[in-house]
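One structure, as structure tokens, below. Some questions next.
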Amino acid sequence: MRDFTYQRPASLAEARNAAALPGAMLLAGGTTLLDLAKCGVAAPETVIDISHLPGLASIEVGLQGARIGALAKMSAVADNAGIIREFPAVSEALWQSASAQLRNMATIGGNLLQRTRCAYFRDPSGFPACNKRNPGSGCSALGGVTRNHAVLGASPSCIATNPGDLAVALVAFDAQVELGARTVALEDFLLTPGDHPERETDLQPGEIIAAVSIPASVAARRSTYLKVRDRQSYEFAAASATVGIEFEPDGRTIRDLRVALGGVATRPWRARNVEDALKGKVLEPDAVRRASLLAMEGAIAQADNHYKIELAPRVVARALLKTGALA
Ligand code: FAD
Ligand code: SF4
């Protein structure tokens with residue numbers, strides 16, 4: 001880990017100016033940044049500590065939706081009564097993330113900007129070839145061990161999975177990221193790799209996430225986050241799904257549906273084809289299982305991750321049946 005300069009700005013405006021300088025990185029909870037600095041992936045010249053900035057940790061839930069400050073801790077959001085009532089999938093996604101210690105340190109802004117868990121990315125001395133770390137150097141994962149890599153949204157340059165849980169729930173409910181001068185949909189903010197896997201987000205120099213807002217919806221109020229992983233806690237998703245359902249007054253026909261996947265794609269993956277196939281239909285097991293297969297449309301497996309193409313539709317189907325009280 002190389003030496004760096006530490007700054008503690010007094011205001012968000014001051015922090016934005018400092019963040020615009022080359023080699024600057026923000027420190028919120030520090031649980032990602034310190035990890036990456038220790039393994040040699042991150043080498044900031046200046047660390048800008050924003051953890052103490054006032055006014056960025058509030059959690060407001062009202063009739064229009066929720067607004068969550070970027071410095072709100074994962075555990076505080078998971079435990080918030082308004083979030084549990086209006087956005088249960090958001091609370092569940094957070095509760096199933098990381099460990100209690102990490103959730104008490106880590107922030108919502110930092111969570112959305114966490115980096116991939118691709119083992120080759122995190123081992124610069126063992127695997128110099130990584131287009132995400134070092135553009136143009138190649139991809140050590142291609143032809144390597146690919147059990148945890150993406151089957152959706154990958155490119156010949158990078159097949160790394162987005163590991164986040166919270167972002168899957170947020171994308172399902174059209175969350176927006178507030179960046180100060182502009183606000184963007186989270187789904188557009190998180191990028192697929194294409195030819196430039198080094199660009200993971202639309203964050204511009206000097207921009208800081210101030211808050212995330214989620215519009216209220218009936219589907220969000222009736223929602224679930226289902227995460228399947230190698231062990232029951234402290235593990236990233238092999239496949240996960242957020243599902244939210246609004247029924248017609250008959251209580252059986254689907255009026256609005258949200259489906260998003262995690263653990264299988266290069267960014268949180270909204271499955272609009274599954275949503276469109278089921279809207280207007282009666283929720284019943286056979287239709288659900290057929291529609292869930294659409295979630296893997298366009299999926300491409302590597303040597304070791306074909307199981308994700310089998311697993312993800314089952315996770316979507318189980319989440320749909322659970323949310324619809326059929327399982
Ligand atoms: P930091 O480390 O402070 O920052 C992370 C990055 O975001 C840095 O690049 C920083 O510059 C930038 N940043 C931070 N805040 C802002 C802001 N407001 N605006 C702009 N840039 C900002 N996550 C899951 O979703 N599911 C899991 O199961 C899971 N398991 C984990 C297991 C382990 C062992 C570890 C170490 C992490 C795990 N995580 C998991 C990731 C964890 O949730 C993140 O490390 C954490 O959320 C990052 O938040 P932070 O505040 O500590 O970010
Ligand atoms: Fe790097 Fe992406 Fe290849 Fe992993 S999959 S080694 S992050 S280029």
Side-chain angles (χ1 to χ4, degrees), residues 12 15-16 19 24-38 41-42 44 47-51 53 56-57 69-75 93-99 101-124 127-146 148-150 154-169 177-180 189 193 196-198 200-201 203-204 206-212 227 229 233-237 240 262-263 266 268 302:
L12 186 55
R16 286 196 168 112
M25 289 189 83
L26 300 172
L27 177 83
T31 62
T32 283
L33 186 60
L34 288 188
D35 250 12
L36 293 176
K38 282 184 195 162
V41 171
V47 170
I48 301 153
D49 186 349
I50 59 168
S51 61
L53 288 180
L56 292 181
L71 292 179
K73 302 288 189 194
M74 290 169 72
S75 52
L94 286 165
W95 270 120
Q96 293 173 65
S97 298
S99 64
Q101 291 90 337
L102 285 160
R103 292 192 295 268
N104 285 336
M105 281 293 290
T107 65
I108 296 305
N111 185 274
L112 298 180
L113 292 173
Q114 65 179 287
R115 313 289 305 274
T116 181
R117 311 307 289 194
C118 170
Y120 304 101
F121 170 77
R122 286 174 180 258
D123 186 356
F127 298 95
C130 172
N131 289 322
K132 195 180 275 302
R133 249 192 292 110
N134 185 9
S137 61
C139 171
S140 295
L142 287 169
V145 178
T146 52
N148 295 324
H149 287 78
S155 76
S157 298
C158 180
I159 56 171
T161 310
N162 181 305
D165 292 299
L166 169 67
V168 180
V177 183
E178 295 179 21
L179 298 166
F189 180 72
H196 290 283
E198 75 282 6
E200 294 177 328
T201 72
L203 194 74
Q204 303 300 318
E207 283 188 327
I208 292 180
I209 299 177
V212 175
K227 179 174 178 180
R229 42 191 162 166
S233 77
Y234 203 28
E235 185 56 277
F236 292 91
S240 69
T266 52
Q302 305 297 324

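Order of appearance sets the numbers: ligands from 1, and atoms from 1 within every ligand. Worth saying up front: this structure is predicted, and the values here are computed from it rather than measured. Quick note: residue numbers are just sequence positions, from 1.
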Inset, instruction - Quick one: look up the protein heavy atom nearest atom 26 (N) of ligand 1 and list residue, atom name and how far away it is. - result: Asp165 OD2, 2.7 Å
Inset, instruction - Go through ligand 1 atom by atom and flag the ones less than 4.0 Å from a non-hydrogen atom of Asp35. - result: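 With Asp35 as reference, the close atoms of ligand 1 come out as 36 (C).
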Inset, instruction - Report the part of Leu34 in contact with ligand 1, treating N, CA, C, O as backbone and CB onward as side chain, heavy atoms under 4.0 Å; options are side chain, backbone, both, neither. - result: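 Leu34 to ligand 1: no contact under 4.0 Å from either part.
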Legend entry - Polar proximity ligand 1 side, Ala28 side, N/O cut 3.5 Å exclusive: yes
Legend entry - Atom indices of ligand 1, in the order listed, that fall short of 4.0 Å to a heavy atom of Gly164: 25 (O)
Inset, instruction - May I ask you to check if ligand 1 and Arg117 share an N or O to N or O distance below 3.5 Å? - result: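 In fact, backbone or side chain, Arg117 has no N or O that close.
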Inset, instruction - Report yes or no: does Pro193 have a heavy atom closer than 4.0 Å to ligand 2? - result: no
Inset, instruction - Could you say whether the N/O atoms of Glu207 and ligand 1 ever approach to under 3.5 Å? - result: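 Glu207 vs ligand 1: no N/O contact under 3.5 Å.
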Inset, instruction - Measure the spacing between CD1 of Ile208 and CG of Leu179 and express it to the nearest 0.5 Å. - result: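 The CD1 atom of Ile208 sits 10.0 Å away from the CG atom of Leu179.
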Legend entry - Shortest protein heavy-atom distance from atom 40 (C) of ligand 1, along with the residue and atom involved: Phe236 CE2, 3.4 Å
Inset, instruction - List every atom of ligand 1 that sits less than 4.0 Å from any heavy atom of Met25, numbering the atoms from 1 in the order shown and giving each element. - result: 9 (O)
Legend entry - Proximity to ligand 1 by part of Ala70, non-hydrogen separation under 4.0 Å: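 The part of Ala70 near ligand 1 is the side chain, not the backbone.
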Inset, instruction - Flag Leu166 as yes when one of its N or O atoms lies below 3.5 Å from any N or O atom of ligand 1, and as no otherwise. - result: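 No, there is no polar N/O contact under 3.5 Å.
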Inset, instruction - Identify the residue among Val47, Ile48, Ile50 that makes a side chain to side chain contact (heavy atoms under 4.5 Å, CB included) with Leu27. - result: Val47
Legend entry - Any N or O of Leu33 closer than 3.5 Å to N or O of ligand 1: yes
Legend entry - Side chain, backbone, both or neither: the part of Arg103 lying under 4.0 Å from ligand 1 by heavy atom: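 Neither; no heavy atom under 4.0 Å.
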Legend entry - Shortest protein contact, atom 33 (C) of ligand 1 (heavy atom only): Leu102 CD1, 3.4 Å
Inset, instruction - Do me a favour and list the nearest non-hydrogen protein atom to atom 19 (N) of ligand 1 with residue, atom name and distance? - result: Ile209 N, 2.8 Å
Inset, instruction - Please determine if Leu26 has a nitrogen or oxygen closer than 3.5 Å to a nitrogen or oxygen of ligand 1. - result: yes
Legend entry - Per-atom contacts of ligand 1 with Leu113, taking only distances under 4.0 Å to non-hydrogen atoms: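 Under 4.0 Å from Leu113, ligand 1 has these atoms: 7 (O), 12 (C), 13 (N), 20 (C), 21 (N), 22 (C).
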Inset, instruction - Go around atom 4 (Fe) of ligand 2 and count every protein N, O or S atom nearer than 2.8 Å. - result: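 For atom 4 (Fe) of ligand 2, the figure is 1.
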Inset, instruction - Tell me which protein heavy atom sits closest to atom 53 (O) of ligand 1, plus the residue, atom name and distance to 0.1 Å. - result: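 Here the nearest protein heavy atom works out to Gly110 CA, 3.4 Å.
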Inset, instruction - Could you list the atoms of ligand 1 found under 4.0 angstrom from a heavy atom of Thr107? - result: 47 (O), 49 (O), 50 (P), 51 (O)
Legend entry - N/O donor-acceptor pair under 3.5 Å between Thr161 side chain and Ala150 backbone: yes
Legend entry - For Tyr234, the ligand 1 atoms whose distance to one of its heavy atoms is below 4.0 Å: 32 (C), 34 (C)
Legend entry - Residue, atom name and distance, where the atom is the protein heavy atom closest to atom 1 (P) of ligand 1: Gly30 N, 3.4 Å
Inset, instruction - Taking only heavy atoms of Met74 into account, list the atoms of ligand 1 that are under 4.0 Å away from them. - result: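 Near Met74, the atoms of ligand 1 are 43 (O), 47 (O).
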Legend entry - salt bridge (charged side-chain N to carboxylate O under 4.0 Å, His left out) partners of Asp123, counting only residues at least two apart: none
Inset, instruction - Dump the intermediate steps for salt bridge (charged side-chain N to carboxylate O under 4.0 Å, His left out) on Lys132 and Glu200, then the final yes or no. - result: CA-CA 9 Å; Lys132 195 180 275 302; Glu200 294 177 328; 2.9 Å; yes
May I have the list of side-chain donor-acceptor pairs in residues 28-36 shorter than 3.5 Å, sequence neighbours left out?
none

Legend entry - Contacts of type side chain to side chain donor-acceptor pair (under 3.5 Å), residue Arg16, not counting sequence neighbours: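 Result, side chain to side chain donor-acceptor pair (under 3.5 Å) vs Arg16: none returned.
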Legend entry - Per-residue contact class, Lys227 against ligand 1 - non-hydrogen pairs under 4.0 Å: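 Answer for Lys227: side chain.
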Legend entry - Residue and atom name of the nearest protein heavy atom (relative to atom 48 (C) of ligand 1), distance in Å to one decimal: Thr31 OG1, 3.3 Å
Legend entry - Taking atom 27 (C) of ligand 1 as the reference point, the nearest protein heavy atom with its distance: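 Sorting protein heavy atoms by distance from atom 27 (C) of ligand 1 puts Ala98 N, 3.1 Å first.
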